Every structure is written in C-alpha cells, then in structure tokens.
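Everything quoted here is computed from the prediction, not taken from an experiment. In each ligand, atom 1 is the first atom listed, and ligand 1 is the first ligand listed.
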Amino acid sequence: MPPKNKKKEKDIKDPQKLKELGNKAFLAKNFEEALELYSKAIEADPTEAAFYTNRAAVEIELEKFDDALTDCDRALELKPAFAKAHFRKAQAFREKLENLSAIEETKKALEIEPQTADFLKLFEELKQEYEEDNSLPDDHPEKIRFDRMLRWLKEGGSQFDKLKIRYYTADYRGVHAARDIKKGETILYVPKEQIITLEMAFASPIGKLMFEKGLRQRLISPKHSFLSCFVMQERRKPDSPFQHYLDILPKNFSNFPIFFTEEEKLWLKGSPFLDQIEEKILDIKSDYDLICKEAPPFAQFPIQEYSEIRMMVSSRIFGIQVDGVKTDGFVAYADMLNHKRPRQTTWNYTDDRRGFIIEALDDIKRGEQVYDSYGKKCNSRFFLNYGFINLNNDANEVPIRIFYNPDDKLKQVKQDMIKDTAEYKKFRVVETFNERIMQEFLSWLRFVEYDENIMLLIQYQAAAQQAAQKYRRGDDSDSDDQDDPSKGFKAKDLPPLSIRNEKKVLTKIAQLCRAQMEQYPTSIIEDREILEREDLTFNQRNAVLYRSGEKHILFTLMFYAEKILPMLDMDFKAARQLAQKTRELDECGDYLTNSIYYLIKKENAK
Ligand SMILES: C[S@@+](CC[C@H](N)C(=O)[O-])C[C@H]1O[C@@H](n2cnc3c(N)ncnc32)[C@H](O)[C@@H]1O
C-alpha cells in the first residue's frame, strides 16, 4: 500500500496544489517526484506558463536539457515576456555548453527584468566563462588542431562531457569542469584503441631493431626512448592513426631546464641542480648515441628533436596495466591535466571497460580547473622532468655530499667495515629531522665524525651481522637490497653515540649548510626581492623559486643545528627549557627526545 500522504497526492487534481507539492519535492531534491508533480500540474492546467518553467528547472537537474528547452519555449508561447523562461533556457544552454546562446537568453531575461539579481549574476558568470574559454580565437591554428583531436577522440568512443580544455597560452593548457562534477563520477574515458602503448613502440620498424639489439636492457631510460622513437616515426607518417593527437602535443620545450640558455642557467648559479641538468643532458645523449649505433635508421632524427620528445614523453605518459601487462602509454586528454596536490582525481586502466578512466575524488565546481597529482616529488624532479616549479612544496630536497675528514685516522677502518671505498656519500636532505632520509644522514655523519674508541662501532657492526644471520634464517623472500641486513653494516641506523660525537655531527651540519649557502650569489632575502620584480621571464622566475627552495632547507637545517648544539653542554632540565622557549624547534621533537635528551641523560648517569 502506498503511504497515506502519497495516496492523497495521487488524488490531488488542483494544479496550484500540485505545483506547490512539486516545489516542495524540488527543494528536497526529490527530482523525479517533482517532475511527476509538475507534469500533473501541466496536465491539469496546460495554460499556466510557470508550470513549464518549473518543470524545466527539474529537467535541468535531471540533465534532460533538450526537454527543458522545449518546456521553456512552451512557456514563452503562453507568456511571451516571461523573463524566467529565458533564464531557464540560458541555464539549459549553459549545461549543453552552448555559451553564446546562454548569453543571448540571459540578455533577453535582463531586458524584461533588468534588476533581477540571479539574472545579473548568471550574465556575469557566462561572460567571464566565455572569455576564459575563448582566450584563443576559433581560427587559431592550435584551436583548429585541438578541435580535430577532440572530434577524433569522440568518434573513437572517448567520453569527456563534463570537461573542457582551456588555453592559458597557446602552448600551456589545462582541463576545467564544464559542469558541476560529483565525487565518484567518471569524468574521462579513453578506449584502448586510442592509447599509444610501449608495445606499439616495440613493434615499430626502428623499435623492432632496438628491441632485437637488447636496448630495452641497455638504455638508461628504455621506456622513454622507445616511446620517443615511436612518436618521431609516427609524426612522419601522413596516415598515422594518432596524427590528430600528435598534432596537439607541445611544440615549445624551452621551459625544461635541459634547454635553458647559458643566461638562464646563470640564475641557478651555486645550485647543485646545475649538475642534475648536465647529468640529464649526458644521459639523453648517451641513449641517443646507443640507438644510432644499434639501430642506424634512427640517425635520421636529430638529437635536438629526440631530446625534446624525450622530455615530452617523460612529462606526459601514464604507467598502466593492460590485460595484465604492465606498460606505459600516452592517453590523449588525460595528459592535459596539470599537477596539484593533494590528489583530486584518480586514474587507471580498467580491463572491464577496456579503457583508461579518470574519476573525481571530490566534488568539483563548474569552471574550476581539474587536476591530477603527479605525486609527492621534490621540486628538482618537477623542474627537471616537467619544466615547472610547485610552490609550497613540502617534499623539497637538497643534495649534500659528505666527505671523510682529511685527518680521520679511522678512515681506513671505517671503509673496511662498510666495504666501500667511496670518498663521499650523497644525501638528499629535507628540512625536517623526522624523515627516514634524515635518520640515515645523521647516522652517516655519526659514522664519519666518529673519532673515539672504534670498539663501539665494531659492536654495532657485530650486532648488524647478527641481525643479518637471523634474517637469512627466518626469511627467504626477495627483499629490497636497501633494507637487506645481509648486505652488512651500512652505517644507516647508527643511534647517537656520544655527546662529543653528536656535537661534531651538528657542527658539521651547520658547516655544510653554510658552505653550500655561500655558493649562491644571492641571499634568501635578495631572492624574495627579485621575485617581486615583474620583468622576470617564466624560466627566470622558476630558477629563483627553485634556488630559494634549496636555500630554505639549508637555512633551516643550519638553524636547527646551531640552536641545538649548545644544549649538549647543559643538563636535561636546562636543555628542555631552551627547546621549549625556541618554538621553531617543535619540528625537531623526536630528534631532541631520541638523540639530545637521550645522550644528556645517558652521560649524566655515568
Ligand atoms: C601532462 S602535461 C599537462 C598539460 C599541459 N599543460 C599542456 O598544455 O599540454 C604536463 C606539463 O604541463 C605543465 N604543468 C603541469 N602542471 C603544472 C603546474 N602545476 N604548474 C605549471 N605547469 C604545469 C608542465 O609544462 C608539464 O610539463
């Protein structure tokens, strides 16, 4: 039996009453019910224009935009100067992404009711949307190429009705929500046939040669090389099935640091990042030379083109699993999403749907940019591999090299202990002592700075070896080398050894950071002033942002080391009081407890 009030609703014949109930259902977001009630109101009185516009409002919610337009037209036939009907038509056109028609209808609504706030608001929003969506004229070659690519995607079965592309400049684009997007919605689907995968690269003429010569194992970046090679071959084929996609790929790579001019590199003077740039250039050249040698037809492609395409590949491909096989691929449209953290969308390839999908992890409002997270990465990786800097990045690192002290009498013993004769060890330090890498950094410094009774270190070595034997007996799984204790003592987990040693560690940190800071021609404050200038180019700005990020880490670590150092001459109470007074040291809570207070208590107890 239907509930009592529903039964009553069924019997209602009064059109006004039906409309009121429809309004109630609409407000309660019971759209199907509202649709039924408004339809009944129309049946009861087909001459009331407002019933049609009310029903149009529900139809918009139910994404029946054409029905909404038809209802508004009926309303206008009944009541020609009905502003609300034009307003609803505008809303429906906006949802259909027909922005110009939406603007026209809003204008008509405003001619009738110039002061209505909702109409004015919609008009402003539409105008702004139109300007942002049309920053390039329709006949701009990029826009024409893009429209062709979108058509190709749609005809091939891709779906992206809730998304639109915006051009910030002719070669910097991003994806925006064309309509409100709800959490959990699939916002992009690209079928398998439209994805370029590594397997296609292996099967291409040059790819085959490379494969046969074992380059998959011999190149520094095999995946990127195979895909680059595929793209370069396809671009030369007038009938490539991927032609429309390849046409829209970026043409300007000057934002990638490996292409910086000498003048631009000067903006990075003093930064260890310059070494990373050089290493990358050499890696690319080495891969290029090897491919030319082993697959001679490849030599037709100039190294400049290969380098550009390599950067394009590394900044755009997705690691996916297709039919159980791990691969990498270009996914058109998906590669238009810019990076932002935290993650707002998630992507994967699903065998069920035979395609790549992106899902929203949150509600995204119409007009907002839709981002993908490229992961938690240091700015050096964003800069080097993607050509941009991520502001307020909490994952930044600076490489620091630690050498043995020249007068270290125990150096030989230490090198024998760790079975490593390297003169230095490099760490990518971060600005908090809490990260695992900083434990390793501190541990290594304790080892290098140790100049006391070597027996203590030998005890740690014995303990590490014992742990290794136990490990070998108890576990035969494939483990990551890094954490495999059977590889012996690595000086990775040395606890604080003594006050004397820890003082040397902190002094060394301060020295290393200061020495590195002195390499830069400008200070953090000067960098801040430079960033206020308006004449900086994109690359200059990124370089200054990048180097200030490095300096920030170095400065912070130096600050911590210098603030903590005097505590090692105090008793526990005084040390803790000093720490409590220095709010910046809150970040070092674990280090203070596990290292500084621990050592003070241990040595005071003697
Ligand atoms: C996967 S593509 C994204 C689409 C790209 N914007 C386009 O127009 O083709 C990655 C490139 O977009 C740019 N990019 C992505 N996220 C960015 C961000 N948060 N800030 C600046 N540039 C970004 C970088 O040039 C990067 O190499």
## Note on the structure
Residue set satisfying side chain to side chain contact (heavy atoms under 4.5 Å, CB included) with Phe202, at least two apart, ordered chain then number -> Leu198, Glu199, Phe211, Arg216, Phe226
### Message
Whether Lys251 and Glu308 form a salt bridge (side-chain N of Lys/Arg under 4.0 Å from carboxylate O of Asp/Glu) is what I want to check.
### Response
no
### Task
Look at the rings of Tyr374 and Phe388 and say which category their plane angle falls in: under 30° parallel, 30 to 60° tilted, over 60° perpendicular.
perpendicular
### Message
Just to be sure I understand the cut-off, which residues have at least one non-hydrogen atom under 4.0 angstrom from an atom of ligand 1?
### Response
Asp171, Tyr172, Arg173, Asn255, Phe256, Ser315, Arg316, Asp335, Met336, Leu337, Asn338, His339, Tyr374, Tyr386, Phe388
### Task
Please name all residues satisfying side chain to side chain contact (heavy atoms under 4.5 Å, CB included) with Ala515, sequence neighbours left out, ordered by chain then number.
none
### Query
Between Arg547 and Tyr520, is NZ or CZ placed under 6.0 angstrom from the six-membered ring centre and within 45° of the ring axis?
no
### Message
My understanding is that only residues two or more places apart in sequence, or in another chain, count here; which of them pass side chain to side chain contact (heavy atoms under 4.5 Å, CB included) with Asp66?
### Response
Leu69, Lys96
